[in-house]
Amino acid sequence: MTETNTGEQTADGVDRSLGPHIMRRAITSDLIRLGKLDGPRTGVSAAAVASGYEKTWRITDRWLPLARQRSQAASGSAADRARWDGLIKAAARAAEQVGRPSSVEWVELAAHTRELLRALRDTEPSHVPVVEVAARIAEAIKDGTYLPGASLSPARIAAELRLPPDSARLALTDLAGENLVELSATGRARVSAPGLADRFQQIADCLRDLIAAGVYPSGTHLPVRSVLARNLVTAEPPIAAAIRLLIEDGTLICYPGQRPIVRPGHPDAGAQAAERARAFAQLPHPTGPVDLSDAGIREAVRVAQSWWKARLAPHPATLDHYLTWLVAMARHLITQARTPQTRTRTPAHGGCQEHPESQEGREPLDSVIARITAGATGAARAEPEHRVWRTAYLAAAVLDLLKLTSAETDDAR
C-alpha cells in the first residue's frame with residue numbers, strides 16, 4: 001500500500017511547506033486508510049492483528065509531532081492542553097507491549113488515532129486557538145453581547161465565530177474556571193450572574209437563616225436533598241456543597257447513612273423566630289388590589305420562579321411589586337390556615353426528630369410559615385443581585401402553604 005506523502009519534514013517531523021488545504025487532504029487520506037484497517041475483526045489471526053497494530057502506529061507516528069506542537073501552542077488554555085495531552089497519550093505507541101495484542105484493543109487504538117487526526121484536521125490554519133476563542137467570548141460577556149444568565153451554546157458560538165464546536169466547548173470550560181461562565185453537570189453553559197461566584201456560601205447562609213427562624217429546630221433532620229432543592233429553587237449539587245460547609249462549621253452533624261441534623265443545643269436554632277415574625281408583619285402592603293384566588297397565587301409564584309430559573313433580571317420596580325404581592329398572598333393564606341374552620345391540626349416541632357416529612361408526608365404548618373417569614377424578610381433586605389433568587393424561594397414557600405391550606409380544608413370537609 002502506498003503511504004501518504006506529507007512532503008519533506010522538518011526536525012520535528014512536520015512538513016511546514018505544505019499548505020493547509022494539502023495538509024487537511026493528507027490527514028483525510030490517513031483517516032480513510034484507518035477506516036479500511038479497523039472494524040469487526042472477530043476470528044482474525046494473531047499475525048493480522050499485529051500487522052494492523054503496526055499500520056495504525058505508522059499513521060499515528062506520522063502525526064504525533066504535529067499533535068505535540070498543538071499541545072505546546074495550547075499552553076494558554078488548560079482545557080485545550082488537557083485535550084491534546086489526552087489524545088496523544090491514548091494514541092501513542094506504548095513503551096512496552098504487555099501481553100498479546102487483541103483485535104478489540106486494535107480497534108480501540110484505531111478509534112483513538114481517528115480522534116487525534118480529526119482534531120488535527122479541525123485545527124489546521126486558519127484555526128483560531130482556544131485561548132483566543134475564550135478571549136472573544138469573555139469580551140462579548142463584558143460588553144453585554146451575552147447578558148448575565150444567558151445560555152451559551154457551543155454550536156451557536158462556533159457558527160458565529162466560524163470555528164469548530166470543540167473549540168467553543170473548550171473555551172467555555174476555561175471561562176468556567178474564571179467564574180465568567182457556569183457549567184452544569186450536563187455540560188450546559190450560561191453566563192455567570194454578578195454575585196454568584198460564591199453560590200455555595202449563599203445557600204449555606206440561607207440555610208442558617210432558616211435554622212435561626214425556627215424552620216429546622218435543634219436536633220431535627222434536614223429534609224431530603226430533593227426537597228431542599230425544591231424549597232430553595234436550586235439544583236441538588238450546590239445544596240450538597242452548602243451542607244458540607246455547615247457540617248464543617250458545626251451547624252450540622254451527619255452520621256453515615258443519615259440525613260444531616262441540626263446540632264442539638266445549637267444556640268442559633270430558632271433564636272430569630274420572633275424577630276423574623278415581627279419584621280414580616282412590618283413589611284409594606286400593596287398599594288393596589290391583589291388577586292388572592294388560587295389561580296392568582298399560582299401565577300405570581302410561576303412568574304417569580306421563572307425569572308430565577310431563566311436567570312432573568314426584571315426591572316427593580318416590577319420585582320418589588322411581585323415581592324409585595326407574594327407577602328400579601330402569604331398573609332392571606334396564614335390567616336386562612338389559622339382559622340379553626342379550615343385548620344384541623346397544627347403539627348408542632350416539640351420532640352419531633354423527623355422534620356419535614358410528617359406521618360402524612362406534609363410539612364408542619366408552623367414550619368412553612370417560618371419559611372415564609374424568613375424568605376420574605378430575607379428577600380426584602382437582600383442585595384439587588386440576590387433578590388430574584390430570594391423572591392423565587394419565597395414563592396416556593398407560598399405555594400407550599402397554598403397546597404397545605406387547601407389540603408387541610410379538604411380534610412375539614
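Below, all heavy atoms of this structure are taken into account, side chains as well, without hydrogens, waters or symmetry copies. Note that the coordinates shown come from a computational prediction; the quantities given were computed from them, not determined experimentally.
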Derivation of the salt bridge (Lys or Arg N to Asp or Glu O under 4.0 Å) call for Asp80 and Arg83
CA-CA 5 Å; Asp80 197 20; Arg83 185 263 296 259; 2.9 Å; yes
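- Relative to the six-membered ring of Phe280, Arg331 meets both conditions, a distance below 6.0 Å and an angle of at most 45° to the axis.
- The two atoms that bring Ala374 and Ala213 nearest to each other are CB-CB, 3.8 Å, heavy atoms only.
- Using bins of under 30°, 30° to 60° and over 60° for the plane-to-plane angle, the ring pair Trp57/Tyr53 lands in the tilted bin.
- In this structure, Trp84 contributes its side chain and Gln72 its backbone to no donor-acceptor pair below 3.5 Å.
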Kindly determine whether Asp268 and Arg208 satisfy salt bridge (Lys or Arg N to Asp or Glu O under 4.0 Å), including the steps that lead there.
CA-CA 8 Å; Asp268 294 337; Arg208 287 191 190 94; over 6 Å; no
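- A distance of 5.5 Å separates CG in Leu222 from CG in Leu228, rounded to the nearest 0.5 Å.
- Heavy atoms of other residues, nucleotides or ligands lying less than 6.0 angstrom from NE2 of His321 number 12 at most.
- In this structure, Ile141 and Val181 have side chains that are in contact, with non-hydrogen atoms separated by less than 4.5 Å.
- Heavy atoms only, all atoms of each residue included: Thr373 and Ala277 are closest at CG2-CA, 4.4 Å.
- Using bins of under 30°, 30° to 60° and over 60° for the plane-to-plane angle, the ring pair Tyr322/Trp307 lands in the perpendicular bin.
- Between the CG atom in Leu245 and the CD atom in Gln201 there is a gap of 5.5 Å [rounded to 0.5 Å].
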Verify side chain to side chain contact (heavy atoms under 4.5 Å, CB included) between Thr405 and Leu401, making sure each step is shown before the conclusion.
CA-CA 6 Å; Thr405 54; Leu401 182 56; 3.9 Å; yes
Go through it in stages, so that I can follow the logic: the residues are Thr251 and Leu207, the test is side chain to side chain contact (heavy atoms under 4.5 Å, CB included), and I'd like the CA-CA distance, side-chain angles, deciding distance and then a yes or no.
CA-CA 10 Å; Thr251 301; Leu207 289 171; over 6 Å; no
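- With hydrogens and angles disregarded, no donor-acceptor distance shorter than 3.5 Å links the side chain of Ser77 to the backbone of Ala74.
- Using a cutoff of 4.0 Å between basic side-chain nitrogens and carboxylate oxygens, Glu115 and Arg118 are not scored as salt-bridged.
- Arg263 places no side-chain N or O within 3.5 Å of a backbone atom of Ile253 that could act as its donor or acceptor partner.
- Note that CG of Leu117 is 6.0 Å distant from CG of Leu34, once rounded to the nearest 0.5 Å.
- Closest heavy-atom contact between Ile247 and Cys254: CD1-CB, 3.8 Å.
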Could you go through Val301 and Leu326, starting from their C-alpha distance and side-chain angles, then the distance that decides it, and tell me whether this counts as side chain to side chain contact (heavy atoms under 4.5 Å, CB included)?
CA-CA 8 Å; Val301 168; Leu326 287 169; 4.2 Å; yes
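- For Ser51 (side chain) and Ala48 (main-chain N/O), no donor-acceptor pair under 3.5 Å exists by modelled atom type.
- Nearest heavy atoms, Ala376 versus Val327: CB-CG2, 4.0 Å.
- The list of salt bridge (Lys or Arg N to Asp or Glu O under 4.0 Å) pairs with a residue in residues 166-177, not counting sequence neighbours, reads Asp166-Arg169.
- Counting only heavy atoms from C-beta outward, the side chains of Arg276 and Asp209 approach each other to under 4.5 Å.
- The shortest distance between side-chain heavy atoms of His221 and Pro260 does not fall below 4.5 Å.
- Within the 4.5 Å cutoff, the side chain of Arg371 has heavy atoms near those of the Val215 side chain.
- Counting heavy atoms from C-beta outward, Leu402 and Arg298 have side chains that approach closer than 4.5 Å.
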For the pair Arg230 and Val227, evaluate side chain to side chain contact (heavy atoms under 4.5 Å, CB included) and give the outcome as yes or no after the intermediate values.
CA-CA 5 Å; Arg230 178 178 58 81; Val227 172; 3.9 Å; yes
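- Residue Ser218 comes nearest to Gly265 through the heavy atom pair OG-N, 2.7 Å, listed as atom of the first residue, atom of the second, then distance.
- Distance alone, capped at 3.5 Å, places no donor-acceptor pair between the Arg121 side chain and the Arg24 backbone.
- We find the CD1-CD1 distance between Ile137 and Ile157 to be 4.0 Å, quoted to the nearest 0.5 Å.
- Closest of all the heavy-atom pairs between Ile239 and Ala235 is CG1-O, 3.3 Å.
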Glu139 vs Arg136, salt bridge (Lys or Arg N to Asp or Glu O under 4.0 Å): CA-CA, chis, key distance, verdict
CA-CA 5 Å; Glu139 183 61 30; Arg136 291 185 187 181; over 6 Å; no
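- In this structure, CZ in Arg70 is found 10.0 Å from CH2 in Trp63, a value given to the nearest 0.5 Å.
- In this structure the side chain of Val388 reaches within 4.5 angstrom of the side chain of Leu319, judged on heavy atoms.
- In terms of modelled atom types and a separation under 3.5 Å, the side chain of Trp308 and the main chain of Val233 share a donor-acceptor contact.
- Using a distance-only test at 3.5 Å, with no hydrogens or angles considered, no donor-acceptor pair links the side chain of Thr60 to the main chain of Ala92.
- Going from atom CG of Leu252 over to atom CZ of Arg259 covers 12.5 Å, rounded to the nearest 0.5 Å.
- Side-chain contact between Ile203 and Trp389 is present, with heavy atoms from C-beta onward closer than 4.5 Å.
- In this structure, the side chains of Leu283 and Leu323 stay at 4.5 Å or more apart for every pair of heavy atoms.
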